[in-house]
Number of protein chains: 2
Amino acid sequence: MSAAAPPAASAAKSPAIRDSQRIYSIAELAREFAVTSRTIRFYEDEGLIKPRRQGLQRLYSAGDRARLSWILRGKRLGFTLAEIKELLDLYNVDRTGLQQMRELLRRSRLHIEELERRKADLDAQIGEFKDVEMHVAAELRQRGVDPEGD
Amino acid sequence: MSAAAPPAASAAKSPAIRDSQRIYSIAELAREFAVTSRTIRFYEDEGLIKPRRQGLQRLYSAGDRARLSWILRGKRLGFTLAEIKELLDLYNVDRTGLQQMRELLRRSRLHIEELERRKADLDAQIGEFKDVEMHVAAELRQRGVDPEGD
DNA sequence: GTTAACGTTTACGTAAACGTCAATGTGGGT
DNA sequence: ACCCACATTGACGTTTACGTAAACGTTAAC
């Protein structure tokens, strides 16, 4: 029910109040998400994350962590950082104004459509490759070879 | 049986035997797929398509067309041209050798796994955005505003 | 015979998303 | 006081996927 990044979660109270209070170092997040610190700083330069600062050091909250996670998923989905920023910004804008809400609704729907298109592409490729898998496996069996096995 | 793109459909005989014989100019394909000729030539430089030549001019077969279509879908899915080339090459390799078939099977399965991972990412985002859509629409209705409507 | 539409190669330019130094700072152990 | 791991800010380099311009050939129309 509760989403993490854009659709910010309502502060969970029962479990993990400790987790939601945790702060992370840049290296910690880098390790966890298998990116370099350079990458995380770059995202900051691009306005995608804004960690608190203790002097010069960056301190990442659980929210920042979720944001990063969200950014990376966006990337895996093939969105550019600019697009991801737009989507993230969508939620941090005044959500009370009527115009903003209608806009948010509109953009969400557009984005969903885009995602559904991608899903169609994905399903098509998955289908094709499963076809290949089937045929090749069958052919191997016909030749008396076990398709499984090293 | 005859492969056009990777997993080509079985050659339909009843309809469109004319279509399978058609040849296309570079501009024709460019228009159809909404890319520039430059792009198509670039793909050729990268070894992704190899149209016949009539002197200098490129002549694209239906197979070439299907290949291009496949390439573009790969792109939409976020694969690099190098990855797409690998996948395309997979099918044009000797498919009779046992080793090649096992390899083909292995790679196909790996690719399917990758696609399934992406699909999970996709479904997650779709879910989040549908959540947003629901909430915002509900909020709008609560304020007595019709979520639909310009 | 020249204009237009289309094609060709060669070559340089560019935006995105980081990688890779280099120089410097900072906090904690010993 | 010294070292070490980790952090910081530039600044420049790199890869990918084309865009853009130059300079030229080919065919069809007028």
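If you're wondering where the values come from, they're calculated on a predicted model, not measured in any experiment. By convention in this document, chain letters (A, B, ...) are assigned in the order of the sequence lines, proteins followed by strands, and residues within each chain are numbered from 1.
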query: side-chain contact (heavy atoms from CB on, under 4.5 Å) between A:Arg67 and A:Leu88: does it pass, once the steps are laid out?
result: CA-CA 8 Å; A:Arg67 242 178 124 79; A:Leu88 281 172; 3.9 Å; yes

statement: note: A:Leu56, atom CG; D:dC6, atom P; distance rounded to Å ~ 18 Å

Closest to the B:Thr36 side chain, choosing from D:dT8, D:dG19, C:dG19: D:dG19

query: Does any N or O donor sit under 3.5 Å from an N or O acceptor when you compare the side chain of A:Arg41 with the base of D:dT8?
result: no

message: Looking at C:dC6, I'd like to know if its phosphate oxygens (OP1 or OP2) sit under 4.0 Å from a side-chain N or O belonging to B:Ser25.
response: no

task: Would you kindly compare B:Phe79 and B:Gln57 by the position of their nearest DNA chain D nucleotide and give the one closer to the 5′ end?
output: B:Phe79

statement: A:Lys85 atom NZ is separated from C:dA15 atom C1', nearest whole Å, by 18 Å

- request: Using a cut-off of strictly less than 4.0 Å, decide whether B:Thr39 has a side-chain nitrogen or oxygen near OP1 or OP2 of D:dG19.
  value: yes

B:Phe42 side-chain proximity, nearest of C:dG7, D:dA17, C:dT8: D:dA17

Neighbour count >12 (heavy atoms, 6.0 Å) for atom CZ, B:Arg117: yes

message: Using whole Å, what does the distance between atom C1' of nucleotide D:dT8 and atom CD of A:Glu44 come to?
response: 11 Å

- prompt: When you check the phosphate oxygens OP1 and OP2 of D:dC18, does a side-chain N or O of B:Lys75 lie under 4.0 Å from one of them?
  reply: yes

message: With nearest nucleotide decided by heavy atoms, which residue, B:Ala27 or B:Asp45, maps closer to the 5′ end of DNA chain C?
response: B:Ala27

query: Between C:dC18, C:dT8, D:dC6, which one does the side chain of B:Ile26 approach most closely?
result: C:dT8

- prompt: To the nearest angstrom, how far is A:Leu29 atom CG from D:dC6 atom P?
  reply: 15 Å

message: Expressed as a whole number of angstroms, how long is the span from A:Ile40:CD1 to D:dC6:P?
response: 15 Å

query: Quick one: does A:Arg118's side chain have a donor or acceptor within less than 3.5 Å of a partner on A:Leu77's backbone?
result: yes

statement: CG (A:Leu122) and CD (B:Glu114) are apart, to the nearest 0.5 Å, by 9.5 Å

- prompt: Where the side chain of A:Thr80 is defined as all heavy atoms beyond and including C-beta, which of C:dA17, D:dT20, C:dG7 is the nearest nucleotide?
  reply: C:dA17

- request: Go through D:dG19, D:dC18, D:dC6 for me and flag the one nearest to the B:Tyr43 side chain.
  value: D:dC18

task: Side chain of B:Arg38 only, please: which of C:dC6, D:dG19, C:dC18 is the nearest?
output: D:dG19

- prompt: To the nearest angstrom, how far is A:Arg53 atom CZ from D:dA7 atom P?
  reply: 13 Å

- prompt: Short question: side chain of B:Glu44, backbone of B:Arg41 - any donor-acceptor pair under 3.5 Å?
  reply: no

task: Rounded off to whole Å, could you give me the CZ-to-C1' distance for the A:Phe33 and C:dA17 pair?
output: 19 Å

- prompt: Out of D:dG19, D:dT8, C:dG7, which has the shortest distance to the side chain of A:Arg58?
  reply: D:dT8

task: Could you check how far CG of B:Leu81 sits from P of C:dA16, rounded to whole Å?
output: 18 Å

query: Within the distance-only criterion (no hydrogens, no angle test), does the side chain of A:Ser108 pair as donor or acceptor with the backbone N or O of A:Leu104 below 3.5 angstrom?
result: yes

